[in-house]
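In this chain, residues are counted from 1 in sequence order. When reading the values below, keep in mind they use all heavy atoms of this one structure, side chains included, and skip hydrogens, waters and symmetry mates.
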Amino acid sequence: MLNPAIASLTADFRIIFDRDPAARNWLEVMFCYPGLQALLLHRFAHRLYKLNIPFIPRLISHIARFLTGIEIHPGAQIGQGVFIDHGMGVVIGETAIVGNYALIYQGVTLGGTGKESGKRHPTLGENVVVGAGAKVLGNIEIGNNVRIGAGSVVLRNVPSDCTVVGIPGRIVYRAGERVDPLDHGQLPDSEAQVIRALLDRIEALEQQVQALQPPAPQPKVEVKGEDSTRVPVTTSCRLNDKIIEQFLDGSGI
């Protein structure tokens, strides 16, 4: 039976080979992966922090931040098998809890929302994926197997087995579908779906309004002394114009 500390370090090391195709050998992982180095220093600082040793844990955290660009408060609780990929700009607050086998990308913040005391940082369940630049703020709970899209801002609790995207984060359920944690291209675009639905509704309403309006009288235009009726050429603004198509990834409406 391995010591819990050794088991955590072993899981941190092995998970890198499972989740990073660029990991080629143990020497490269040990010396060239700042996420692993930050976790090693944090686990040492966390043990000292639990012993109520002053100053030293924060100093170790500060040194780790200087060396890796990853700031983890020594009070944060981080489970085993956590992988911080690249990691530059990652901030994890004092009362944050990160479950086993979480995957955290660069620029992620697990922070608070004010100056309240006590538990003020998020709790992440197991197998959570937090995309690059995402912010998870406040004393909220993120369930197991949750995927948070890059750049999202999550301010509310998220149940297990969900995908969260947008600002503020919106929940999109993926019931019964197993998703590769590295397959970020499969994240749904909820904003584009809502905009597409609204545009469809607007176009349907415009057609109904036009059907209710009486036909406009056709203007008479005199050409060479003869009365003739011409229908002026008008241009209508279509909803699926170039700007909207580009916003909707060129898929049209």
_If I compare all heavy atoms of Ala23 with all of Val29, which pair ends up nearest, and what's the gap?_
CB-CG2, 3.9 Å
*Within the distance-only criterion (no hydrogens, no angle test), does the side chain of Asn157 pair as donor or acceptor with the backbone N or O of Glu141 below 3.5 angstrom?*
yes
*With Phe13, which residues qualify under ring-ring contact (aromatic ring centres under 6.0 Å, His included), at least two apart?*
Phe17
*Below 4.5 Å, heavy atoms only, C-beta onward: do Val128 and Asn145 meet side chain to side chain?*
no
*With ILVMFWY side chains joined below 4.5 Å, transitively, what does Leu51's cluster contain besides itself?*
Leu41, Phe44, Leu48, Ile53, Phe55, Ile56, Leu59, Ile60, Ile63, Phe66, Leu67
Can you list, pair by pair, the side-chain donor-acceptor contacts under 3.5 Å of residues 207-215, counting residues two or more places apart and other chains?
none

*asked:* Within the 4.5 Å heavy-atom criterion, are Leu103 and Val130 side-chain neighbours or not?
replied: no
_Once side chain to side chain donor-acceptor pair (under 3.5 Å) is applied, do any residues pair with Lys50, and if so which ones, sequence neighbours excluded?_
none
*Non-hydrogen side-chain atoms of Asp85 and Ile104 separated by less than 4.5 Å*: no
_Test of understanding: with side chain to side chain contact (heavy atoms under 4.5 Å, CB included), list the residues that count as partners of Gln106, not counting sequence neighbours._
His86, Ala132
_Has Thr68 got a side-chain atom pairing as donor or acceptor with Ala64's backbone, closer than 3.5 angstrom?_
yes
_Check: Ile142 and Val136 side chains under 4.5 Å, non-hydrogen atoms_ = yes
_Partner set under salt bridge (Lys or Arg N to Asp or Glu O under 4.0 Å) for Arg65, not counting sequence neighbours_ = Glu71
*Are the side chain of Asp12 and the backbone N or O of Gly81 linked by a donor-acceptor pair below 3.5 Å?*
yes
*Sequence neighbours excluded, which residues qualify as side chain to side chain donor-acceptor pair (under 3.5 Å) partners of Glu94?*
Tyr49, Arg120
*asked:* Under the rule for side chain to side chain donor-acceptor pair (under 3.5 Å), what residues qualify as partners of His121, not counting sequence neighbours?
replied: Thr95
*Taking only residues two or more places apart in sequence, or in another chain, which ones meet Ser61 in a side chain to side chain contact (heavy atoms under 4.5 Å, CB included)?*
Pro74
*Apply side chain to side chain contact (heavy atoms under 4.5 Å, CB included) to Asn52 and list each qualifying residue two or more places apart in sequence or on a separate chain.*
none
*Check the pair Asp20, Tyr33 against side-chain hydrogen bond (donor to acceptor under 3.5 Å, both in side chains), reporting the backbone distance first and the verdict last.*
CA-CA 11 Å; Asp20 188 359; Tyr33 276 68; 2.8 Å; yes
*Of all pairs that satisfy salt bridge (charged side-chain N to carboxylate O under 4.0 Å, His left out), the ones with a partner from residues 54-64, not counting sequence neighbours*: none
_Between Leu124 and Ile97, is there a side-chain heavy-atom distance shorter than 4.5 Å?_
no
*Could you list the residues that satisfy side chain to side chain contact (heavy atoms under 4.5 Å, CB included) with Asn144, not counting sequence neighbours?*
Glu126, Ser160
